[in-house]
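Got a structure for you, questions after.
Throughout, numbering of the chain's residues begins at 1 and tracks the sequence. Every heavy atom of this structure was used, including side-chain atoms; hydrogens, water molecules and symmetry mates were not.
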Amino acid sequence: MSDPTQMPSPRPKKRTHPLLLVLLALIPVAIVGYVMYVQQVKTPLEENRDFNSKLVYKTVGLQDAAPLKLADRFVDTDGDLVAETPTDPKQLVDPPTLMFSYVGTSKADSERLRDRFKEFTAYLSQKIGKPVEYAAYSNPEDELRALCDGKLHVAGVNTGNVALAVNQCGFVPFAMLASEQGTNTYKMQIIVPADSPMQKLADLRGHELTLTEPGSNSGFKAPLVLLSRDNGLQPAKDFSIRYSGGHNESIVGIANHTYQAAAVASDLLQRAMAEDPPLIKKDQFRVIYES
């Protein structure tokens with residue numbers, strides 16, 4: 001007979017598998033992490049994308065755009081949509097040195113433009129009988145600000161900012177650069193790297209389009225209008241958007257494969273190829289759309 005005073009030995013406890021313990025510990029962390037991602041990343045990103053989309057449509061005049069009109073400080077009695085010369089002599093300026101600029105751009109491009117406009121500034125100085133200096137601005141916004149503040153007196157403005165310069169700064173357009181035949185035309189082109197799989201505009205769907213900056217016609221407004229209105233490609237829905245800050249930056253980005261596709265002006269693309277050394281070569285890109 002067994003000894004009643006002797007207790008049966010306890011059964012060994014089953015140990016939980018270490019992998020299961022790790023999983024049990026990670027699941028709450030994963031849940032918390034996902035909730036934080038939705039709250040702090042996913043939702044704000046979607047809201048920001050929706051905001052940018054609406055902003056883009058308003059900028060290019062496709063959705064609830066405010067009508068263009070002169071600022072209240074300007075007068076337009078003859079209805080030509082351009083500010084008239086003030087009748088009050090106190091509002092007239094006669095600077096000892098006339099400041100001239102041609103389209104705010106990057107520092108390197110500004111120096112090139114300064115050199116290229118030396119002949120023009122000398123000619124203008126001779127004609128008006130006072131010094132003319134070239135003013136370099138790093139972007140179109142700074143150029144417009146100087147124009148509005150009266151620090152810039154004669155300027156070449158990129159086409160996309162002409163309306164803003166007229167309405168807010170009193171800019172009076174009177175001439176444009178032209179060929180020897182007296183004409184000046186250019187096209188908006190969407191370019192991709194030469195080895196890109198994109199062959200036609202429809203292939204842009206699901207990819208990224210690089211724009212220059214909101215003040216540009218060919219680098220911003222025209223592509224958005226033409227793609228959405230005429231080709232059924234909606235920004236932020238069918239393709240994403242990024243910004244380069246300028247045409248040359250977009251062109252170089254295509255040359256070195258930084259960008260998938262870019263909207264640029266045809267004349268600036270030709271100028272970029274004619275630089276020494278060229279910013280891009282003909283065999284480095286392909287045009288998939290032309291306005």
Side-chain angles (χ1 to χ4, degrees), residues 48-68 102-106 109 137-145 147 155-169 171 173 176-177 184-192 198 201 204-205 207-254 258-272 279-280 285 287-291:
N48 183 63
R49 186 180 297 116
D50 182 61
F51 173 79
N52 283 338
S53 178
K54 291 178 180 178
L55 181 63
V56 162
Y57 279 106
K58 288 184 178 182
T59 301
V60 298
L62 293 177
Q63 185 184 74
D64 302 326
L68 298 176
Y102 181 74
V103 185
T105 183
S106 66
D109 286 339
Y137 298 99
S138 59
N139 56 66
E141 290 74 23
D142 288 345
E143 183 191 29
L144 285 177
R145 190 175 296 111
L147 197 62
V157 178
N158 62 321
T159 53
N161 274 327
V162 169
L164 184 60
V166 167
N167 291 329
Q168 300 300 319
C169 308
F171 182 65
M176 67 178 184
L177 293 179
N184 182 14
T185 61
Y186 70 92
K187 299 179 180 181
M188 184 277 292
Q189 295 178 322
I190 294 179
I191 60 175
V192 299
M198 286 185 277
L201 189 60
L204 185 62
R205 196 180 303 272
H207 288 85
E208 180 183 76
L209 176 65
T210 296
L211 305 175
T212 55
E213 48 84 25
S216 173
N217 264 354
S218 52
F220 182 89
K221 298 177 183 179
L224 291 177
V225 170
L226 295 175
L227 265 59
S228 59
R229 187 191 66 190
D230 300 344
N231 295 278
L233 290 169
Q234 306 299 325
K237 177 183 177 182
D238 297 315
F239 61 93
S240 58
I241 293 174
R242 72 183 298 178
Y243 299 96
S244 67
H247 287 269
N248 281 351
E249 288 78 3
S250 290
I251 292 168
V252 171
I254 291 296
T258 300
Y259 304 139
Q260 296 179 0
V264 298
S266 59
D267 59 335
L268 297 182
L269 179 59
Q270 293 297 319
R271 187 185 302 170
L279 301 182
I280 193 171
F285 71 94
V287 178
I288 64 170
Y289 178 82
E290 186 173 80
S291 66

Exercise for review: Would you check if Ile191 and Leu269 make a side-chain contact, meaning some heavy-atom pair closer than 4.5 Å?
Suggested key: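 Contact flag for Ile191/Leu269 side chains = yes.
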
Practice item. Quick one: list whatever passes salt bridge (charged side-chain N to carboxylate O under 4.0 Å, His left out) with Arg145, sequence neighbours left out. Key: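 With sequence neighbours excluded, Arg145 shows a salt bridge (charged side-chain N to carboxylate O under 4.0 Å, His left out) to Asp142, given in chain and number order.
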
Review point. Hey, does Leu226 have a side-chain heavy atom less than 4.5 Å from the side chain of Met188?
Key: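 They are in contact (side-chain heavy atoms under 4.5 Å apart), so the answer is yes.
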
Point to revise | With sequence neighbours excluded, residues passing side chain to side chain contact (heavy atoms under 4.5 Å, CB included) with Thr159 | key: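 Only Tyr186, Asn217 meet the side chain to side chain contact (heavy atoms under 4.5 Å, CB included) criterion with Thr159.
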
**Study point:** Gap separating the CD1 atom of Ile241 from the CZ atom of Phe220, nearest 0.5 angstrom
**Key:**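 Going from the CD1 atom of Ile241 to the CZ atom of Phe220 covers 6.5 Å.
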
Point to revise | Heavy-atom side-chain proximity of Tyr243 to Thr210 below 4.5 angstrom | key: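 No, side chains not in contact.
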
Check your understanding: Restricting to pairs with a member in residues 258-268, which pass salt bridge (Lys or Arg N to Asp or Glu O under 4.0 Å), not counting sequence neighbours?
Key ->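 Checked against salt bridge (Lys or Arg N to Asp or Glu O under 4.0 Å) - neighbours excluded - no pair reaches residues 258-268.
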
Exercise for review: Kindly determine whether Leu144 and Leu164 satisfy side-chain contact (heavy atoms from CB on, under 4.5 Å), including the steps that lead there.
Suggested key: CA-CA 8 Å; Leu144 285 177; Leu164 184 60; 3.6 Å; yes

**Study point:** Exercise: identify the closest heavy-atom pair between Met198 and Gln260
**Key:**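 Of all heavy-atom pairs spanning Met198 and Gln260, the closest is CE-O, 3.4 Å.
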
Tell me which donor-acceptor pairs under 3.5 Å the side chains of residues 246-254 have, and how far apart each pair is, sequence neighbours excluded?
from	atom 1	to	atom 2	distance (Å)
His247	ND1	Ala265	N	3.3
His247	NE2	Ser216	OG	3.3
Asn248	ND2	Asp109	OD1	3.1
Asn248	ND2	Asp109	OD2	2.8
Ser250	OG	Ser244	OG	2.6
Ser250	OG	Gly246	O	3.3

Exercise for review: Find out whether Val287 and Ile190 are in side-chain contact, i.e. whether some heavy atom of one side chain is under 4.5 Å from a heavy atom of the other.
Suggested key: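 No. Closest side-chain heavy atoms not under 4.5 Å.
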
Check your understanding: Does a side-chain heavy-atom distance below 4.5 Å link Ser218 with Val264?
Key ->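 When only atoms from C-beta onward are counted, Val264 and Ser218 do not touch, as no gap falls below 4.5 Å.
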
Practice item. Go through the structure and list residues passing side chain to side chain contact (heavy atoms under 4.5 Å, CB included) with Ser240, not counting sequence neighbours. Key: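 For Ser240 the side chain to side chain contact (heavy atoms under 4.5 Å, CB included) partners, ignoring immediate neighbours, are Glu208.
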
Review point. Which atom names give the shortest non-hydrogen contact between Ala261 and Leu204, and what distance separates them?
Key: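 Where Ala261 meets Leu204 most closely, the heavy atoms are CB-CD1, 3.9 Å.
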
Check your understanding: Nearest 0.5 Å, what's the CG-OG1 distance between Asn139 and Thr212?
Key ->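 Output value for this atom pair is 12.0 Å.
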
Check your understanding: Who pairs with Arg205 by side-chain hydrogen bond (donor to acceptor under 3.5 Å, both in side chains), at least two apart in sequence or on another chain?
Key ->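 In terms of side-chain hydrogen bond (donor to acceptor under 3.5 Å, both in side chains), with neighbours along the sequence ignored, Arg205 is linked to Asp238.
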
Check your understanding: Mind checking what makes side-chain hydrogen bond (donor to acceptor under 3.5 Å, both in side chains) contact with Ser291, not counting sequence neighbours?
Key ->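 Here no residue qualifies.
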
Practice item. For the residue pair Phe285 and Val192, establish whether any side-chain heavy-atom pair is separated by less than 4.5 Å. Key: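 Contact flag for Phe285/Val192 side chains = no.
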
**Study point:** Within-4.5 Å side-chain heavy-atom neighbours: Leu211 and Leu224
**Key:**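 A side-chain contact exists here, since the closest heavy-atom pair is under 4.5 Å.
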
Review point. Residues two or more places apart in sequence or in another chain: which of them pass side-chain hydrogen bond (donor to acceptor under 3.5 Å, both in side chains) with Glu290?
Key: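 Lys187, Gln189.
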
Review point. Which pair of heavy atoms, one from Lys221 and one from Gly160, lies closest together, and at what distance?
Key: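 In terms of heavy atoms, the two residues are closest at NZ-O, 2.8 Å.
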
Review point. If only atom types and distance count, is the side chain of Asn231 paired as donor or acceptor with the main-chain N or O of Leu233 below 3.5 Å?
Key: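 The answer is no, because no donor-acceptor pair under 3.5 Å joins these two groups.
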
Check your understanding: Residues in ring-ring contact (aromatic ring centres under 6.0 Å, His included) with Tyr259, at least two apart?
Key ->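 Not a single residue meets the ring-ring contact (aromatic ring centres under 6.0 Å, His included) criterion with Tyr259.
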
Check your understanding: Rounded to the nearest 0.5 Å, how far does CD of Gln234 lie from CG of Leu227?
Key ->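 Leu227 atom CG to Gln234 atom CD measures 9.0 Å (nearest 0.5 Å).
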
Practice item. State whether the side chain of Asn167 and the backbone N or O of Ala163 hold a donor-acceptor pair below 3.5 Å, judged by distance alone. Key: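 At least one qualifying donor-acceptor pair exists.
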
